[in-house]
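Here the structure is a predicted model, which is why all the values come from computation and not from measurement. One-based numbering along the sequence shown.
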Amino acid sequence: MIRIIVHQSAVALTSALSSMYSHSPDQTRFPVGKFIYGTPAMSVEIDDRTLAHLKVVIIAKLRRGESFTFSWEKSPESGSGRSSIWLNPAVPLQFEFAGSQEPHLNRAWLEQLVGLSNTPAGLRIVAEPAAAAAPGDAESRQLHQRHPHPRP
C-alpha cells in the first residue's frame, strides 16, 4: 500500500494510493516504510522492498547533483490521478523502513527505475519484474556492496 501524508501545521492530510505496490511478483507482502521529503515534510508510504530500490536510484542521482521528478499513481479510493514531486539535492530527504531486514535488490528492477529516472517524465513506481535476482547470487551481492544501506 502507498499512502501520502502532507504535514501542514498540526493537520495531516492522508490519501491512500494503489495497493499494487505492497506485494512482490510472487505476492509476498512487505512492511510499509516511508519516503519523507521537503519542508514542510511530505510522507509517502511505500512497501520496504520498493522503497529500498527507489532509495538506490534516488540517492545515486542526488549524489551527482541531478534534480528530477518522482511520480506515482493514486488509487480510485483517493480520487485517482497522479502525484509528482521535484527532487533536488538541497531539499531534506529521509527513507524510513518499517522492517528490520534489508531486502535483496533486483538488478533488473534497478536498471528499469534508473532508465525511467533519466527520461523527461522522471522516476515513477512500476511493478517489479518477475525475474528477481536470487538472494545469494554474485550479481546481487556485488550490487549490494556498491549500494550498501546505512544503518542508523
query: Which pair of non-hydrogen atoms, one from Pro103 and one from Ala52, has the smallest distance, and what is that distance?
result: CG-CB, 3.7 Å
- line: Separation between CZ (Arg49) and CG (Leu51), nearest 0.5 Å, reads 12.0 Å
query: Within the distance-only criterion (no hydrogens, no angle test), does the side chain of Asp48 pair as donor or acceptor with the backbone N or O of Ala98 below 3.5 angstrom?
result: yes
message: Is there a side-chain contact between Ile36 and Met42 in this structure, where contact means two heavy atoms from C-beta onward sitting under 4.5 Å apart?
response: no
- prompt: According to a 4.5 Å side-chain heavy-atom criterion applied to Ile, Leu, Val, Met, Phe, Trp and Tyr, with indirect links allowed, do Leu116 and Ile59 form part of one hydrophobic cluster?
  reply: yes
message: Using the side-chain contact (heavy atoms from CB on, under 4.5 Å) criterion, which residues pair with Asn88? Sequence neighbours excluded.
response: Tyr37, Ser67, Trp86, Ala90, Val91
query: Between CG of Leu87 and CG of Leu93, what distance do you get to the nearest 0.5 Å?
result: 7.0 Å
message: What I'd like to find out is whether the side chain of Asn118 reaches to under 4.5 Å of the side chain of Glu66, using heavy atoms alone.
response: yes
statement: Applying ring pair (Phe, Tyr, Trp, His ring centres under 6.0 Å) to Phe70 and not counting sequence neighbours gives Phe35, Trp72
query: If you round to the nearest 0.5 Å, how far is OG1 of Thr50 from NZ of Lys55?
result: 14.5 Å
task: Output all residues satisfying salt bridge (Lys or Arg N to Asp or Glu O under 4.0 Å) with Glu96, sequence neighbours left out; order by chain, then residue number.
output: none
- prompt: Does Ile58 offer a backbone N or O that forms a donor-acceptor pair with the side chain of Arg63 under 3.5 Å?
  reply: no
task: Report yes or no: does Ser117 contribute a side-chain atom to a donor-acceptor pair with the main-chain N or O of Lys61 at less than 3.5 Å?
output: no
query: Are Ile85 and Thr69 side-chain neighbours, meaning at least one heavy-atom pair lies under 4.5 Å?
result: no
- request: Return yes if some donor-acceptor pair links the side-chain N/O of His53 with the main-chain N/O of Trp109 below 3.5 Å, else return no.
  value: no
message: Applying side chain to side chain contact (heavy atoms under 4.5 Å, CB included) to Val32 and Ile46, what does each step give before you reach the verdict?
response: CA-CA 5 Å; Val32 177; Ile46 302 172; 5.9 Å; no
query: Is Val57 close to Leu123 at the side-chain level, that is, under 4.5 Å between some pair of heavy atoms?
result: yes
field: Validation row: Leu105, Leu110 side chains within 4.5 angstrom (heavy atoms)
entry: yes
task: Please name all residues satisfying side-chain hydrogen bond (donor to acceptor under 3.5 Å, both in side chains) with Ser71, sequence neighbours left out, ordered by chain then number.
output: Ser84
statement: d(Thr119 OG1, Arg124 CZ) to nearest 0.5 Å is 6.0 Å
task: Would you sort out whether Lys34 and Val44 count as a side chain to side chain contact (heavy atoms under 4.5 Å, CB included), showing the intermediate values?
output: CA-CA 6 Å; Lys34 293 180 183 177; Val44 180; over 6 Å; no
